[in-house]
Engineer: 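Here it is, the structure, as structure tokens.
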Amino acid sequence: MPEIWFPNLGIEIAHLDRVAFTVFGRNVYWYGIFIGLAVVLGVLMAMKEAKRTGQSPDMYVDFIIYALIFAIIGARLYYVIFSWDFYSAHPEKIFALREGGLAIYGGIIGGVLTAIVYCKRKGVNFWLLADTLAPCLAFGQMLGRWGNFFNREAFGGFTNGLLAMRLQVSQVRTSDISAEVMQHIVNYGGVDYIQVHPTFLYESLWNLCLFLLLIKFRPKKKFDGQVLGLYFLGYALGRVWIEGLRTDQLMFGPFAVSQLLSGGLIICAAVFLIRKGKQEKAKKESES
């Protein structure tokens, strides 16, 4: 029986292991490999852009060491805070990172705060550094979502659309299966499957398009910070609707936290881009 199945595309995957290989008795997961690959490729792209813009490529290697540490801390804190009902009852699980529980928005917040402090201490232009890294971040998120695919997580509610994905019930966290999804269980060959939106794929494709847009736009930017503003605007526009499809949302009362944050980012990024654009236009007019 296939473990993962896209029935309307005629694609069946017979076996897909979460574990890539084992080292000294410790499992190395595909999720970690995708994240590691995203970091390495992102740094290489940032170094190439640094050379083009007259920055120090080595600075980005130095920065990423700090950024990774605090991004992981931020991602975990974000997840724990908005899952406090569980972690308050199981505090020993707070540091169990190998069991999952990292939120992308928390990682972004941790990375941005690290960049602000780093640039202040090193006397570096924060906006230029951010513009250099923004496309790399979109690329990393695009690649990292495939780790969710191997983990059978970050999926949505029931759908019978073209990209509908079936997963074996036995290989999915019970907490991620909503009541709506349960109503559409499919039994094939004696095996129960859920049929859901592959939201990991939606976000991966969205981030790929965002990455290509930012790469094309970056050499034409009018001011430092414009690429970062476009990244936040583009990412949040995608996340605000994709998050609404997911069954594993972190909630704040009746609201999905990521949707609230995405909505706020859309407004803030739009205001920043418009105001900064007007300031740059007025500056050029006064100089001419």
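Note: hydrogens, waters and symmetry copies are ignored here, and every other heavy atom, side chains too, is used. Just so it is clear, the structure is predicted and the values come from calculations on it, not from any experiment.
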Engineer: Is there a donor-acceptor pair under 3.5 Å between the side chain of R218 and the backbone N or O of L213?
Structural biologist: no

Engineer: Quick one: are M59 and K122 in side-chain contact, heavy atoms under 4.5 Å?
Structural biologist: no

Engineer: So, for Y231 and L214, which heavy atoms are closest and what is the spacing to 0.1 Å?
Structural biologist: CB-CD1, 3.8 Å

Engineer: For the rings on F82 and Y78, is their centre-to-centre separation under 6.0 Å?
Structural biologist: yes

Engineer: Indicate if Y105 and L137 have the same hydrophobic cluster label, given that clusters are the connected sets of ILVMFWY residues with side-chain heavy-atom separations under 4.5 angstrom.
Structural biologist: yes

Engineer: I need the minimum non-hydrogen distance between R76 and I94, along with the two atoms involved.
Structural biologist: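 Taking R76 first and I94 second, the nearest heavy atoms are NE-O, 2.7 Å.
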
Engineer: Roughly how far, to the nearest 0.5 Å, is CG of L205 from CG of L163?
Structural biologist: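 Answer rounded to 0.5 Å: 8.0 Å.
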
Engineer: Kindly indicate, with the supporting measurements, whether the criterion side-chain contact (heavy atoms from CB on, under 4.5 Å) is fulfilled by Q226 and F217.
Structural biologist: CA-CA 10 Å; Q226 192 173 19; F217 176 81; 3.4 Å; yes

Engineer: How long is the gap from CG on N8 to CG on N160, to the nearest 0.5 Å?
Structural biologist: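 N8 atom CG to N160 atom CG measures 5.0 Å (nearest 0.5 Å).
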
Engineer: Are M45 and P135 side-chain neighbours, meaning at least one heavy-atom pair lies under 4.5 Å?
Structural biologist: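 Result no, sub-4.5 Å side-chain heavy-atom pair not found.
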
Engineer: Report yes if the distance between the aromatic ring centroids of Y87 and W84 is under 6.0 Å, otherwise no.
Structural biologist: no

Engineer: Tell me whether N207 contacts the main-chain N or O of A138 through its side chain, where contact means a donor paired with an acceptor under 3.5 Å.
Structural biologist: no

Engineer: In terms of hydrophobic clusters joined by side-chain contacts under 4.5 Å, are I73 and Y79 together?
Structural biologist: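 Each belongs to a different hydrophobic cluster.
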
Engineer: When you measure from the side chain of S204 to the backbone N and O of M142, does any donor-acceptor pair fall under 3.5 Å?
Structural biologist: yes

Engineer: According to side chain to side chain donor-acceptor pair (under 3.5 Å), who are the partners of R166, at least two apart in sequence or on a separate chain?
Structural biologist: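 Q195.
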
Engineer: May I ask whether W30 and I35 are part of the same hydrophobic cluster, defined by side-chain heavy atoms of I, L, V, M, F, W, Y residues being less than 4.5 angstrom apart, directly or through others?
Structural biologist: no

Engineer: Could you check if a side-chain atom of V61 sits within less than 4.5 angstrom of a side-chain atom of M47, using non-hydrogen atoms only?
Structural biologist: yes

Engineer: Below 6.0 angstrom between ring centroids: does that apply to F149 and F34?
Structural biologist: no

Engineer: Is the Y66 ring parallel, tilted or perpendicular to the Y118 ring (thresholds 30°, 60°)?
Structural biologist: tilted

Engineer: Examine the side chains of D176 and T247 and answer whether a donor and an acceptor come within less than 3.5 Å of each other.
Structural biologist: no

Engineer: Judged by modelled atom types alone, do N148 and E153 share a side-chain donor-acceptor pair under 3.5 Å?
Structural biologist: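 Judged by distance alone, the side chains do pair up.
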
Engineer: For a side-chain contact (heavy atoms from CB on, under 4.5 Å) check, start with the C-alpha distance between V186 and D192, then their side-chain angles and the critical distance, and finish with the verdict.
Structural biologist: CA-CA 6 Å; V186 177; D192 285 337; over 6 Å; no

Engineer: Compare every heavy atom of C136 with every heavy atom of A46, then report the nearest pair and how far apart it is.
Structural biologist: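 Result for this residue pair: N-SG, 3.7 Å.
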
Engineer: Decide side-chain contact (heavy atoms from CB on, under 4.5 Å) for I194 and H184; before the verdict, give the C-alpha distance in whole Å, the side-chain angles of both, and the deciding distance to 0.1 Å.
Structural biologist: CA-CA 7 Å; I194 57 172; H184 296 88; over 6 Å; no

Engineer: With a 4.5 Å cut-off on side-chain heavy-atom distances among I, L, V, M, F, W and Y, is there a chain of contacts connecting F150 to V23?
Structural biologist: yes

Engineer: Are I33 and V43 co-members of a hydrophobic cluster defined by side-chain heavy atoms under 4.5 Å apart?
Structural biologist: no

Engineer: Closest approach of E3 and Y193, non-hydrogen atoms and distance?
Structural biologist: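 Scanning both residues, the minimum pair turns out to be O-CE2, 4.4 Å.
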
Engineer: Just say parallel, tilted or perpendicular for the rings of H90 and F86, cut-offs at 30° and 60°.
Structural biologist: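 Because their plane-to-plane angle is under 30°, the rings of H90 and F86 count as parallel.
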
Engineer: Rounded to the nearest 0.5 Å, what separates atom CD1 in I177 from atom CD1 in I185?
Structural biologist: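 Interatomic distance, I177 CD1 to I185 CD1, rounded to 0.5 Å: 6.0 Å.
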
Engineer: Whether the E49 and Y60 side chains hold a donor-acceptor pair (N or O, under 3.5 Å, no angle test) is what I'd like checked.
Structural biologist: no

Engineer: Can you confirm whether or not the ring centre of F272 sits under 6.0 Å from the ring centre of W127?
Structural biologist: yes

Engineer: Less than 4.5 Å apart, side chain to side chain, heavy atoms only: is that true for T159 and V196?
Structural biologist: no

Engineer: Would you call V19 and V28 a side-chain contact if the rule is heavy atoms closer than 4.5 Å?
Structural biologist: no

Engineer: With rounding to the nearest 0.5 angstrom, report the OG1 to CG distance, T199 to D248.
Structural biologist: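 Going from the OG1 atom of T199 to the CG atom of D248 covers 7.0 Å.
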
Engineer: Any non-hydrogen side-chain atom of L237 less than 4.5 Å from a side-chain atom of I266?
Structural biologist: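 Yes, close enough: below the 4.5 Å cut-off.
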
Engineer: Evaluate E203 against R145 for salt bridge (charged side-chain N to carboxylate O under 4.0 Å, His left out), listing each step before the verdict.
Structural biologist: CA-CA 7 Å; E203 189 167 335; R145 278 302 177 195; 3.2 Å; yes

Engineer: Can any side-chain N or O of R18 pair as donor or acceptor with the backbone N or O of N151 at less than 3.5 Å?
Structural biologist: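 Confirmed, R18 side chain pairs with N151 backbone.
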
Engineer: Count the heavy atoms belonging to other residues, nucleotides or ligands that lie under 6.0 Å from CZ of F70, then report whether that count exceeds 12.
Structural biologist: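 It does not: F70 CZ has 12 such atoms or fewer within range.
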
Engineer: When you check the side-chain N and O atoms of Y235 and S262, is any donor under 3.5 Å from an acceptor?
Structural biologist: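 No, no side-chain donor-acceptor contact under 3.5 Å.
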
Engineer: Please indicate whether R52 has more than 12 foreign heavy atoms, meaning atoms of other residues, nucleotides or ligands, lying under 6.0 Å from its CZ.
Structural biologist: yes

Engineer: Quick one: CG on L16 to CD on Q171, what's the gap to the nearest 0.5 Å?
Structural biologist: 8.5 Å

Engineer: Mind telling me whether H197 and Y202 have parallel, tilted or perpendicular rings, with 30° and 60° as the class edges?
Structural biologist: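 Taking H197 first and then Y202, their aromatic rings stand perpendicular (interplane angle over 60°).
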
Engineer: So which heavy atom on P91 is nearest to which on S88, and how close?
Structural biologist: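 Taking every non-hydrogen atom into account, CD-O, 3.8 Å.
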
Engineer: Show me the donor-acceptor pairs within less than 3.5 Å that the side chains of residues 249-261 make with the rest of the protein, sequence neighbours left out.
Structural biologist:
residue: Q249; atom: NE2; partner: E243; partner atom: O; Å: 2.6
residue: S258; atom: OG; partner: R239; partner atom: NH2; Å: 3.4
residue: Q259; atom: NE2; partner: V240; partner atom: O; Å: 2.9

Engineer: Determine, stepwise, if the pair D131 / K221 fulfils salt bridge (charged side-chain N to carboxylate O under 4.0 Å, His left out).
Structural biologist: CA-CA 9 Å; D131 282 352; K221 70 176 185 176; 2.7 Å; yes

Engineer: If I take atom CD1 from residue I215 and atom CG from residue L210, how far apart are they, to the nearest 0.5 angstrom?
Structural biologist: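 Atom-to-atom, I215:CD1 and L210:CG are 10.5 Å apart.
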
Engineer: Determine whether L245 and F155 satisfy the following criterion, side-chain contact (heavy atoms from CB on, under 4.5 Å), listing intermediate values before the conclusion.
Structural biologist: CA-CA 8 Å; L245 298 174; F155 53 80; over 6 Å; no

Engineer: So which atom in A134 and which in V227 form the shortest heavy-atom distance, rounded to 0.1 Å?
Structural biologist: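 Minimum heavy-atom contact is CB-CG1, 4.0 Å.
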
Engineer: Taking the side chain as everything from C-beta on, heavy atoms only, tell me whether L113 gets closer than 4.5 Å to V117.
Structural biologist: no

Engineer: Could you tell me whether the side chain of F232 reaches within less than 4.5 Å of the side chain of L230, counting heavy atoms only?
Structural biologist: no

